[in-house]
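Below is one structure, written out as structure tokens; the observations come after it.
Since this is a predicted model, take the numbers as computed values, not measurements. Below, each value reflects all heavy atoms present in this structure, side chains not excepted, and no hydrogens, waters or symmetry copies. Every chain is numbered from 1, with letters handed out A, B, ... down the list of sequences.
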2 protein chains.
Amino acid sequence: MTSVDAFDLKILSALQDDGRLTNQELAELAGLSASQCSRRRMRLEEERVIAGYHADLSSEALGFGVIAFIQVGLATHSPDNSKRFRALVGRIDEIQEAYSLTGDADYVLKAVLRDLKGLSNLVNDVLMPHQSVAHVRSSIVLDRLKESSRLPLKELKAG
Amino acid sequence: MTSVDAFDLKILSALQDDGRLTNQELAELAGLSASQCSRRRMRLEEERVIAGYHADLSSEALGFGVIAFIQVGLATHSPDNSKRFRALVGRIDEIQEAYSLTGDADYVLKAVLRDLKGLSNLVNDVLMPHQSVAHVRSSIVLDRLKESSRLPLKELKAG
DNA sequence: GTCCCGTTTGCACGCTCCTTGCGCGCCCAA
DNA sequence: TTGGGCGCGCAAGGAGCGTGCAAACGGGAC
């Protein structure tokens, strides 16, 4: 069973802020010994509470100037069509996130691109012509107020 | 100057897939020696091409069952009001991402919550009553096709 | 072609860090 | 009170890290 106590929460919280933390640094933050942190960390990885570790790269430094949200409506809602669309989305590296939502649009995609030409290419040459897709509407990100993937672990201590 | 060559790209690509890679593992993947990988990695961290390392936690395992996109319109577009709203967004841990977009809504937020009660609380008790906010429309994520924050580095090799 | 200089590389070494075995203390049930 | 199970810290062996150093590479100047 996956039970997570207060020590685990401290470890998880610290690691989602800095995934390269040493077990000894972790130990200080959590109030445990390094060896125990190592054991707990390994258990959390084993149980897939920690799904992985990733370097966070600077999109600016690497020349990705455009983030866009793309709302996509499918041509039909058949399982086959849906499957085709999912395969397409999975294949395109520029698409970081893809969700189906309640509300108007069938799907919302978040894409990262070098420039507007890249977005145009994605929308007009890849998404639009695909047989599964009926209509596409894209919005460009003007300003990024906040971007992370941290879970609000503080909520768990209380509840 | 921030120049990134093919070796750096291999290193960056490997590290955004697995941020815990050893310099020796990196060395094998990139075709370099471990010490050289260490040096390059340190340079990339120094130049903030690598912005950080983060553990990727399982929202399912930790009981976060609801992801929502929230479209927010501000009451006025004065600099003061915008500033207040940004401060609010920065303060709320449940909001992972926040952008201002072209198109209808002023802002789009992505929030992670334990359940619909959490969403209701965020929308009705936190966002709606805030003086900077005029109207709020939320969409709940039904299915997550894809979720990562990997940059499409492959594009850089060619261009 | 040749020389020179700056850059990048691989190797070696000292140091830190990781992980596993071990023994101890705590808690709960009998 | 006693016994078993669990979680802890400590210590040691082994792996990994980063710096110093010398060699190889590459590009200009002549």
Side-chain angles (χ1 to χ4, degrees), chain A residues 1-58 61-63 150-151 153-159, chain B residues 1-58 61-63 150-151 153-159:
Chain A
M1 179 53 198
T2 299
S3 65
V4 173
D5 66 9
F7 286 126
D8 291 329
L9 278 181
K10 282 190 185 178
I11 291 173
L12 292 172
S13 176
L15 283 176
Q16 79 173 338
D17 280 345
D18 182 357
R20 281 266 178 180
L21 280 175
T22 287
N23 284 329
Q24 321 198 24
E25 296 167 314
L26 227 42
E28 281 195 38
L29 293 172
L32 281 175
S33 70
S35 57
Q36 197 56 18
C37 283
S38 172
R39 273 187 281 254
R40 279 172 178 267
R41 198 167 52 74
M42 284 190 295
R43 183 177 64 83
L44 292 167
E45 290 166 6
E46 186 69 26
E47 290 174 348
R48 309 254 56 186
V49 178
I50 297 177
Y53 299 91
H54 304 285
D56 174 20
L57 306 185
S58 160
L62 291 165
R150 290 194 187 84
L151 297 179
L153 296 181
K154 280 168 198 160
E155 307 307 313
L156 297 181
K157 292 173 187 171
Chain B
M1 179 55 199
T2 298
S3 65
V4 172
D5 66 10
F7 286 125
D8 291 329
L9 278 181
K10 282 190 185 176
I11 291 174
L12 292 172
S13 177
L15 283 176
Q16 79 173 338
D17 280 344
D18 182 356
R20 279 268 178 177
L21 281 176
T22 285
N23 284 330
Q24 322 198 22
E25 297 166 313
L26 226 43
E28 280 196 41
L29 294 172
L32 281 175
S33 71
S35 58
Q36 196 58 15
C37 283
S38 171
R39 273 188 280 254
R40 281 172 178 268
R41 198 167 51 74
M42 284 190 295
R43 183 176 64 83
L44 292 167
E45 291 166 3
E46 185 69 26
E47 290 174 348
R48 308 255 57 187
V49 177
I50 298 176
Y53 300 89
H54 305 284
D56 175 21
L57 307 185
S58 160
L62 291 165
R150 290 194 189 85
L151 297 179
L153 297 181
K154 281 168 197 160
E155 307 305 314
L156 298 181
K157 292 174 186 171

How would nucleotides 10-23 of chain C be written as a contact map, 5' to 3', with B for base contact, S for sugar-phosphate-only contact and - for no contact, using protein heavy atoms under 4.0 Å?
-> BB-----SSBBB--
Stepwise side-chain contact (heavy atoms from CB on, under 4.5 Å) test for B:Ile50 and A:Leu57 = CA-CA 5 Å; B:Ile50 298 176; A:Leu57 306 185; 3.9 Å; yes
Round to the nearest Å and state the distance from B:Leu26 atom CG to D:dG18 atom P.
-> 11 Å
Would the number of heavy atoms belonging to other residues, nucleotides or ligands and lying under 6.0 Å from CD of A:Glu28 be above 12?
-> no
Gap separating the CG atom of A:Leu44 from the CG atom of A:Leu12, nearest 0.5 angstrom | 5.0 Å
Hey, is the side chain of A:Arg40 poking within less than 4.0 Å of OP1 or OP2 on D:dC8, counting only N and O atoms?
-> yes
Between P of C:dC27 and CG of A:Asp5, the distance in whole Å | 16 Å
Verify, without hydrogens or angle tests, whether A:Arg20 (side chain) and A:Ala55 (backbone) share a donor-acceptor contact under 3.5 angstrom.
-> no
Verify side-chain contact (heavy atoms from CB on, under 4.5 Å) between A:Lys10 and A:Leu29, making sure each step is shown before the conclusion.
-> CA-CA 7 Å; A:Lys10 282 190 185 178; A:Leu29 293 172; over 6 Å; no
